[in-house]
Amino acid sequence: MSPIKCSHAVAEALAEHRPVVALESTIVTHGMPWPQNLEVARRVEATVRDNGAVPATIAVIEGTLYVGLEDVQLEALAQSKKVAKLSRADMAVCMARGGTGATTVAATMIAAQLAGIEVFATGGIGGVHRGAETTFDISADLQELAETRVTVVAAGAKAILDLPKTLERLETLGVPVMAYGQDQLPAFWSREAGLRAPLRADSPAEIAAAHRMRARLGLPGGQLIANPIPAEAEIPRETLAPIIAEATRDAETHGIAGKDLTPYLLQRIYELSGGRSLEANIALVLNNARLAAGIAQELSALAA
């Protein structure tokens, strides 16, 4: 039996070459509290639909890799307490054991490619953590972008990371990094990271054409589309910097590291920002879903 199962809506859309957008599930299980996590997940799916594509939220449930969740599955996942956080290294083990897990960027990309989905919308990718020169803490998301042919729409890398080193690592791996509609690289909650983006894209059609050209050239890997958060929702870099520094010091004090580090930092920043970081997070995810749907439509048109 196949370990992957597409929902009826996703399978039908793929068979008819209609646009589909992959969505991760860690934002549901590890990113927000109940019931806000379910409300936001439904809003993201609705945004994809409203912009002409079919949403495919991805998760492992009792050993099966689901590409597209029914609403009852999404609600159950949002209420689950013991859900693994899956990346490339542990997804197969979780499935083999009949476990349940939420997919990170890397795992979602793998599932999307297996299903034949070319576009994925997320919040922010993982990257090189601060202090990685001694800890070697680098997200598997970067290597996945170099290997798996899926275009990823994100608001850049998470601002808690070492952004210059993350950009350098992506360049070394040969991953195209395109800022959408601006020359500056965005930094998740902020529109600018203080870094010039290597590439710029100004339309979904341009992004779709580049995706197809990489395939024609036989180049592995995907593209990172760094889509800046809407101006009205951003938190300026100068406001965030001391908050991130304090959260990072707290993590070091409590010995938080590995997979626990990012969720801890995001929660601590939420507390220190008085909830502003979560509001910004929701705005940028919805913004990314809109752009991803547009790219999926363009890719579908190119395949016609």
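Side-chain heavy atoms closer than 4.5 Å link hydrophobic residues (I, L, V, M, F, W, Y) into clusters, and following such links, possibly through other members, connects Ile269 to Ile27. Taking hydrophobic clusters as Ile, Leu, Val, Met, Phe, Trp and Tyr residues chained together by side-chain heavy-atom distances below 4.5 Å, Val119 does not share a cluster with Val177. Under the 4.5 Å side-chain heavy-atom criterion for grouping Ile, Leu, Val, Met, Phe, Trp and Tyr, Val152 is connected to Ile138 within one hydrophobic cluster. A continuous path of ILVMFWY side-chain contacts below 4.5 Å connects Val20 to Ile110, so both sit in one hydrophobic cluster. A chain of hydrophobic side-chain contacts below 4.5 Å, direct or via other Ile, Leu, Val, Met, Phe, Trp or Tyr residues, connects Val44 to Val21.
Looking at Glu144 and Val105, their side chains never come closer than 4.5 Å, going by heavy atoms from C-beta outward. Side chains of Thr262 and His129 form a contact here, defined as non-hydrogen atoms less than 4.5 Å apart. In this structure the side chain of Ile229 never reaches within 4.5 angstrom of the side chain of Ser190, judged on heavy atoms. At least one side-chain heavy atom of Val128 sits under 4.5 Å from a side-chain heavy atom of Leu142. Considering only heavy atoms from C-beta on, Leu145 stays 4.5 Å or farther from Leu173 through its side chain. When side chains are defined from C-beta on, Gln182 counts as touching Arg191, because their heavy atoms get closer than 4.5 Å. With a 4.5 Å cut-off on side-chain heavy atoms, Ile282 and Gln36 count as touching. Taking the side chain as every heavy atom from C-beta outward, Pro186 and Asn227 never approach each other to under 4.5 Å.
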Tyr180/Ile207 under side chain to side chain contact (heavy atoms under 4.5 Å, CB included): CA gap, chis, key distance, verdict: CA-CA 9 Å; Tyr180 188 69; Ile207 296 165; 3.9 Å; yes

Arg88 and Thr148: CA distance, side-chain angles, deciding distance, side chain to side chain contact (heavy atoms under 4.5 Å, CB included) verdict: CA-CA 11 Å; Arg88 171 177 279 268; Thr148 303; 4.1 Å; yes

Full working for side chain to side chain contact (heavy atoms under 4.5 Å, CB included) between Lys158 and Leu266: CA-CA 9 Å; Lys158 293 183 175 71; Leu266 295 179; 4.3 Å; yes

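Of all the heavy atoms in Ala283 and Pro230, the pair that sits closest is O-CD, 4.2 Å. In this structure, Val54 and Ala13 approach most closely via the heavy-atom pair CG2-CB, 3.8 Å. Here the shortest heavy-atom pairing between Gly101 and Cys94 reads N-SG, 4.1 Å. Closest approach of Leu199 and Pro176 over heavy atoms only: CD1-CB, 4.0 Å. Here the shortest heavy-atom pairing between Ala154 and Gly124 reads CB-CA, 4.0 Å. Shown here for Ala112 and Val150, the closest heavy-atom pair between the two residues is CB-CG2, 4.2 Å.
Of the candidates Thr108, Thr26, Thr29, Thr57, Thr108 is the only one forming a side chain to side chain donor-acceptor pair (under 3.5 Å) with Thr103. Residue Thr104 forms a side chain to side chain contact (heavy atoms under 4.5 Å, CB included) with just one option from Met91, His30, Lys85, Met109, and that option is Lys85.
Looking at Asn288, its side chain does come within 3.5 Å of a backbone N or O of Leu284 through a donor-acceptor pair. A distance-only check finds no donor-acceptor pair linking the side chain of Trp189 to the backbone of Ile235 [under 3.5 Å]. Checking side-chain atoms of Glu45 against main-chain N and O of Leu23 turns up no donor-acceptor pair under 3.5 Å. A side-chain donor-acceptor contact under 3.5 Å links Ser25 to the backbone of Ile58. For Arg237 (side chain) and Glu192 (main-chain N/O), a donor-acceptor pair under 3.5 Å exists by modelled atom type.
For residues 242-253, the pairs satisfying side-chain hydrogen bond (donor to acceptor under 3.5 Å, both in side chains) are Asp250-Arg268, with sequence neighbours left out. Residue pairs satisfying the salt bridge (Lys or Arg N to Asp or Glu O under 4.0 Å) criterion with at least one member in residues 121-143, sequence neighbours excluded, are absent.
Contacts of Arg43 classified as side chain to side chain donor-acceptor pair (under 3.5 Å), with partners at least two apart in sequence or in another chain: none. Applying the side chain to side chain donor-acceptor pair (under 3.5 Å) test to Thr166 and every residue at least two apart in sequence or in another chain returns nothing. For Thr172, the side chain to side chain contact (heavy atoms under 4.5 Å, CB included) partners two or more places apart in sequence, or in a different chain, are Glu168, Arg169.
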Return a table of donor-acceptor pairs under 3.5 angstrom between the side chains of residues 61-79 and protein atoms on other chains or two or more places apart.
{"residue": "Asp71", "atom": "OD1", "partner": "Arg42", "partner atom": "NE", "Å": "3.0"}
{"residue": "Asp71", "atom": "OD2", "partner": "Arg42", "partner atom": "NH2", "Å": "2.8"}
{"residue": "Gln73", "atom": "OE1", "partner": "Glu70", "partner atom": "N", "Å": "2.9"}

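Salt bridge Glu118/Arg212: present, at least one basic N to carboxylate O contact under 4.0 Å.
For the atom pair Gln143 CD and Ser87 OG, the distance stands at 11.0 Å (nearest 0.5 Å). Atom CD of Glu24 is separated from atom CG of Leu86 by 11.5 Å, given to the nearest 0.5 angstrom. Atom CG in Leu291 sits 4.0 Å away from atom CD1 in Ile295 (nearest 0.5 Å). Here the CD atom belonging to Gln297 is positioned 7.5 Å from the CG atom belonging to Asn51, to the nearest 0.5 angstrom. Leu224 CG to Met178 CE: the interatomic distance, rounded to the nearest 0.5 Å, is 9.5 Å. Separating the CG atom in Leu286 from the CG atom in Asp50 is a distance of 10.5 Å, to the nearest 0.5 Å.
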